[in-house]
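Below: one structure, written as structure tokens.
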Amino acid sequence: MQSAVKHLCRGSNSVDWVSCAGKLLRCALHHALGALFCPLTAHCQLFTDNCSLEMHLSLLGMPGSGKSTLGRALAQHFNWQFLDLDAEIVARAGQAIPAIFAAHGEAHFRQLEAEVLRDVVARPGPLVLATGGGTPCFHDNINALNASTFTLWLDVPLAVLARRMERGGAARRPLLAGAGPQLSTALAETLAARQQFYSQARLRLAETRAPLAALLPALAHAGFPAGAPV
Ligand SMILES: Nc1ncnc2c1ncn2[C@@H]1O[C@H](COP(=O)(O)OP(=O)(O)OP(=O)(O)O)[C@@H](O)[C@H]1O
Ligand SMILES: O=C(O)C1=C[C@@H](O)[C@@H](O)[C@H](O)C1
Ligand SMILES: [Mg+2]
């Protein structure tokens, strides 16, 4: 319970006491409900000692770093819901991402992204969230993420990202679509600007293709999910 309180109360730079108080209150409610209903249901996991309803996991990283791939695998492992923020934005806007950029520009997209992010992290969980490549870098989103989720940065080498993009990923990414032969330079510049935000994640995974079996102990060692054996 102690580590759950620590997790719930942590923002990236400071303790967010208002959101902490709200979460602790909800946590207490879940525990009370759990005590009442656990003997009657098969869903005791929802009411475990670490208040797992609040423990979202979010994946951060450059385009092509593996957020969706690893996110889906983690969600399957924990038996949690998987959400892709880009997909949520597309559903909200009723438009594909390149169309949103083309019709309204990046500033509008970032506004929408920040709004959808706040909606998503406020949902009951737990869920695994793959963020968009730029999500942590705008509108104080990194603090919103750190306040409500355990943040994991997939820090994949630039050469690997470039290879993955060249295999067809760049065209559907509006910010990289025009880079052409300058793709490596564009990726390097983008990462240089974003590193200060990504590096505020709780855990950094600096491997090209980390198997789940290696990631899970690293997560547990960093205190996620609360109460997991280290
Ligand atoms: N661990 C891995 N090992 C090898 N290839 C991987 C790994 N993770 C992802 N890939 C490959 O890299 C590409 C990008 O992965 P993925 O779509 O998961 O990244 P992403 O961060 O979600 O990208 P996007 O910016 O499109 O949301 C895919 O072709 C995927 O198969
Ligand atoms: O890196 C970025 O800024 C982006 C990445 C994608 O996931 C989308 O969120 C969008 O194309 C912007
Ligand atoms: Mg993805």
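When a ligand or atom number is given, it counts from 1 through the structure's own listing order.
- Listed here is the closest heavy atom pair of Ala226 and Met55: CB-CE, 3.2 Å.
- Every atom of ligand 2 is numbered from 1 in the order shown, and the set under 4.0 Å from a heavy atom of Gly132 is 7 (O), 9 (O).
- For the pair Glu106 and ligand 2, no heavy-atom separation below 4.0 Å is found.
- Atoms of ligand 2 found under 4.0 Å from any heavy atom of Pro63 (numbered from 1 in listed order, with element): 1 (O).
- Near Phe109, meaning under 4.0 Å from any of its heavy atoms, are these atoms of ligand 2: 9 (O), 10 (C).
- When each atom of ligand 2 is checked for a heavy atom of Asp86 under 4.0 Å away, the hits are 6 (C), 7 (O), 8 (C), 9 (O).
- Atoms of ligand 2 found under 4.0 Å from any heavy atom of Ile97, numbered from 1 in the order shown, are 10 (C), 11 (O).
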Test Ile142 against Leu60 for side-chain contact (heavy atoms from CB on, under 4.5 Å), laying out the working first.
-> CA-CA 10 Å; Ile142 185 62; Leu60 282 47; 3.7 Å; yes
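- For Thr131 (side chain) and Leu59 (main-chain N/O), a donor-acceptor pair under 3.5 Å exists by modelled atom type.
- In terms of polar-atom proximity, Ser65 is counted as a contact of ligand 1, with an N or O under 3.5 Å from an N or O of the ligand.
- Contact analysis leaves Gly133 out of contact with ligand 1, as no non-hydrogen atom separation drops below 4.0 angstrom.
- Within ligand 2, the atoms closer than 4.0 Å to a non-hydrogen atom of Arg110 are 2 (C), 3 (O), 12 (C), numbered from 1 in the order shown.
- The Mg ion (ligand 3) has Ser68 OG as protein N, O or S atoms under 2.8 Å away.
- With sequence neighbours left out, the salt bridge (Lys or Arg N to Asp or Glu O under 4.0 Å) criterion links Asp86 to no other residue.
- In the vicinity of Arg194, heavy-atom distances shorter than 4.0 Å reach the ligand 2 atoms 1 (O), 2 (C), 3 (O).
- Checked by distance only, ligand 1 and Pro63 stay at 3.5 Å or farther apart across all their nitrogen or oxygen atoms.
- Looking at Asn141 and Thr135, their side chains never bring a donor and an acceptor atom within 3.5 Å of each other.
- Panel note: side chain Lys67, backbone Met62; a donor-acceptor pair is recorded below 3.5 Å.
- Residue-level proximity to ligand 1 for Lys67 is carried by backbone and side chain together, each with a heavy atom below 4.0 angstrom.
- For the pair Leu70 and ligand 1, the shortest N or O to N or O distance does not fall below 3.5 Å.
- Under a 4.0 angstrom heavy-atom cut-off, Lys67 registers as lying outside contact with ligand 2.
- His139 and Arg118 make their closest contact through O-NH2, 2.9 Å (heavy atoms, listed as atom of the first residue, atom of the second, distance).
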